[in-house]
Amino acid sequence: SSSGFRLDGGRTLRNQNTLTWSGGGILFNNNVSGTSIAGSGTINNIAGATFIAAGNSATSIGLSNFGGSDAGADSLFTNAGTFRKSGSSDTNTTTVDVAFNNTGTVDVLTGILNLTNGGTHTGNFTGAAGTIGFGGGTHLINAGATIATQNVHFSGSGTTTINGTYNIGGTTSISAGTASINGTLTSLGSALEISGGSLNLQAANASVGTLTQSNGSLAGSGTLTVTG
């Protein structure tokens with residue numbers, strides 16, 4: 001609904017079919033009437049299930065920090081099925097500001113899906129037109145996982161380590177934080193944009209059509225070819 005959804009007190013929402021979220025925010029660790037409730041919430045999107053962030057009004061999955069032991073730090077979204085963003089405008093952003101662990105598939109068909117609170121990922125990231133954002137926290141993409149979205153944007157103050165396969169069709173961009181591609185670098189896409197942060201390609205060779213750098217750093221011992 002447009003007013004959103006609240007999950008607190010250690011409760012778990014388990015999706016085992018198709019769930020469509022089309023409006024409002026999803027808030028973990030939401031105390032009621034000022035009463036502190038121990039434990040935050042968890043969403044489990046199980047294997048075979050689909051969780052859809054649909055349209056322009058599925059805005060954010062976040063948490064409230066009430067301090068002390070009620071900081072919301074244990075809020076968690078686990079995706080073993082398919083998490084899909086679709087039906088939005090190209091610039092619309094859905095932000096996931098709780099830890100997000102992906103063992104299934106994240107499919108970004110439209111807009112921007114920005115993961116801002118870290119996670120461990122053994123599953124794949126796909127999408128023919130959208131952008132996956134690693135926007136904060138510590139993200140670990142394990143060997144065997146593939147990032148194959150149209151675009152990737154690294155931002156925030158966190159660290160993203162990619163030990164799997166990186167194969168982008170459109171644009172790789174970084175504005176803040178640190179990103180290291182340690183696994184198989186198949187493609188950075190047609191464009192590489194660096195406005196801040198640090199991108200390390202390690203020993204991999206790569207080519208892009210255009211390179212734009214206004215700040216930040218590009219590291220690695222391989223060769224980057226700009227074809228123009």
Side-chain angles (χ1 to χ4, degrees), residues 5 7 10-22 25-28 40-55 58-63 74-88 92-154 158-170 172 179 181-184 186-187:
F5 177 77
L7 195 64
R11 293 173 176 84
T12 297
L13 172 66
R14 184 176 188 266
N15 179 41
Q16 57 185 27
N17 202 315
T18 298
L19 186 156
T20 300
W21 165 41
S22 60
I26 298 175
L27 185 61
F28 291 67
S40 301
T42 297
I43 294 179
N44 289 333
N45 192 46
I46 71 168
T50 302
F51 189 105
I52 303 172
T59 54
S60 64
I61 301 175
L63 60 88
D74 54 346
S75 300
L76 179 65
F77 194 116
T78 60
N79 177 55
T82 298
F83 184 106
R84 176 174 293 129
K85 179 171 170 61
S86 63
S88 70
N92 177 261
T93 300
T94 296
T95 300
V96 180
D97 196 27
V98 300
F100 184 95
N101 295 335
N102 175 40
T103 61
T105 299
V106 174
D107 190 28
V108 188
L109 297 180
T110 59
I112 304 161
L113 177 63
N114 194 20
L115 308 178
T116 61
N117 207 350
T120 300
H121 314 293
T122 59
N124 297 326
F125 295 84
T126 63
T131 298
I132 183 70
F134 296 101
T138 299
H139 289 279
L140 176 62
I141 292 88
N142 286 328
T146 297
I147 301 177
T149 52
Q150 181 68 6
N151 309 298
V152 172
H153 182 60
F154 303 103
T159 299
T160 303
T161 303
I162 301 167
N163 294 326
T165 298
Y166 191 88
N167 185 16
I168 303 306
T172 295
I181 303 176
N182 303 332
T184 301
T186 303
S187 174

task: Flag the pair I147 / V152 as yes when at least one side-chain heavy-atom distance between them is below 4.5 Å, and no otherwise.
output: yes
statement: Distance col, row L27:CG vs L7:CG, nearest 0.5 angstrom, shows 9.5 Å
- request: List for me each residue that meets side chain to side chain donor-acceptor pair (under 3.5 Å) alongside N124, sequence neighbours excluded, and say none if there are none.
  value: none
- line: NZ of K85 to OG1 of T94, rounded to nearest 0.5 Å, is 3.0 Å
Review item, side-chain donor-acceptor pairs of residues 126-138, under 3.5 Å, at least two apart:
residue, atom, partner, partner atom, Å
T126, OG1, D107, OD1, 2.9
T131, OG1, N151, ND2, 3.3

- line: side chain to side chain donor-acceptor pair (under 3.5 Å) filter on T116, not counting sequence neighbours, yields D97
message: Quick one about N101 and T78 (side-chain donor to acceptor, distance below 3.5 Å, no hydrogens or angles considered), yes or no?
response: no
Closest non-hydrogen atom pair between F51 and N15, with its separation: N-ND2, 4.2 Å
- prompt: Can you list the steps and then say if L19 with L13 is a side-chain contact (heavy atoms from CB on, under 4.5 Å)?
  reply: CA-CA 11 Å; L19 186 156; L13 172 66; 4.2 Å; yes
- prompt: With distance as the sole criterion, is a donor-acceptor pair present between the side chains of T146 and Y166 under 3.5 Å?
  reply: no
- prompt: How far apart are the C-alpha atoms of N182 and N163, what are their side-chain angles, what is the distance that settles it, and do they pass the side chain to side chain donor-acceptor pair (under 3.5 Å) test?
  reply: CA-CA 5 Å; N182 303 332; N163 294 326; 3.3 Å; yes
- prompt: Are T82 and T105 close enough, and set up right, to give a side chain to side chain donor-acceptor pair (under 3.5 Å), and what steps lead you there?
  reply: CA-CA 5 Å; T82 298; T105 299; 4.8 Å; no
- prompt: Under the side-chain contact (heavy atoms from CB on, under 4.5 Å) criterion, do I61 and F5 qualify, and how do the steps go?
  reply: CA-CA 9 Å; I61 301 175; F5 177 77; over 6 Å; no
Heavy-atom closest pair, residues S75 and L63: OG-CB, 3.9 Å
- request: Kindly write out the residues that satisfy side chain to side chain donor-acceptor pair (under 3.5 Å) with T42, not counting sequence neighbours, or none if the list is empty.
  value: none
message: Treating S60 as the side-chain partner and T95 as the backbone partner, does any N or O pair qualify as donor plus acceptor under 3.5 Å?
response: no
Main-chain N/O of I162 paired with H139 side-chain donor or acceptor, under 3.5 Å: no
field: Nearest heavy atoms of N167 and S187, plus distance in Å
entry: OD1-CB, 3.4 Å
message: Using the rule side chain to side chain contact (heavy atoms under 4.5 Å, CB included), only one of I141, N142, V106 pairs with H121; which is it?
response: I141
message: Checking T172 against F154 for the side-chain contact (heavy atoms from CB on, under 4.5 Å) test, could you report, in this order, the C-alpha distance in whole Å, the side-chain angles of both residues, the deciding distance, and whether it holds?
response: CA-CA 8 Å; T172 295; F154 303 103; 4.1 Å; yes
message: Rounded at 0.5 Å granularity, tell me how far OG1 in T18 sits from CD1 in I52.
response: 6.0 Å
message: To the nearest 0.5 Å, what is the distance between CH2 on W21 and CZ on R84?
response: 15.5 Å
query: Can you name the side chain to side chain donor-acceptor pair (under 3.5 Å) partners of N79, sequence neighbours left out?
result: N45, N102
task: Output the distance between atom CG (N17) and atom CD1 (I46), rounded to the nearest 0.5 Å.
output: 9.0 Å
Residues forming a ring pair (Phe, Tyr, Trp, His ring centres under 6.0 Å) with F28, sequence neighbours excluded: none
statement: Interatomic distance, CZ@F100 vs CG@L113, rounded to 0.5 Å, equals 6.5 Å
message: Has T165 got a side-chain atom pairing as donor or acceptor with T184's backbone, closer than 3.5 angstrom?
response: no
query: Okay, side chain of T120, backbone of L140: is any donor-acceptor separation there less than 3.5 Å?
result: no
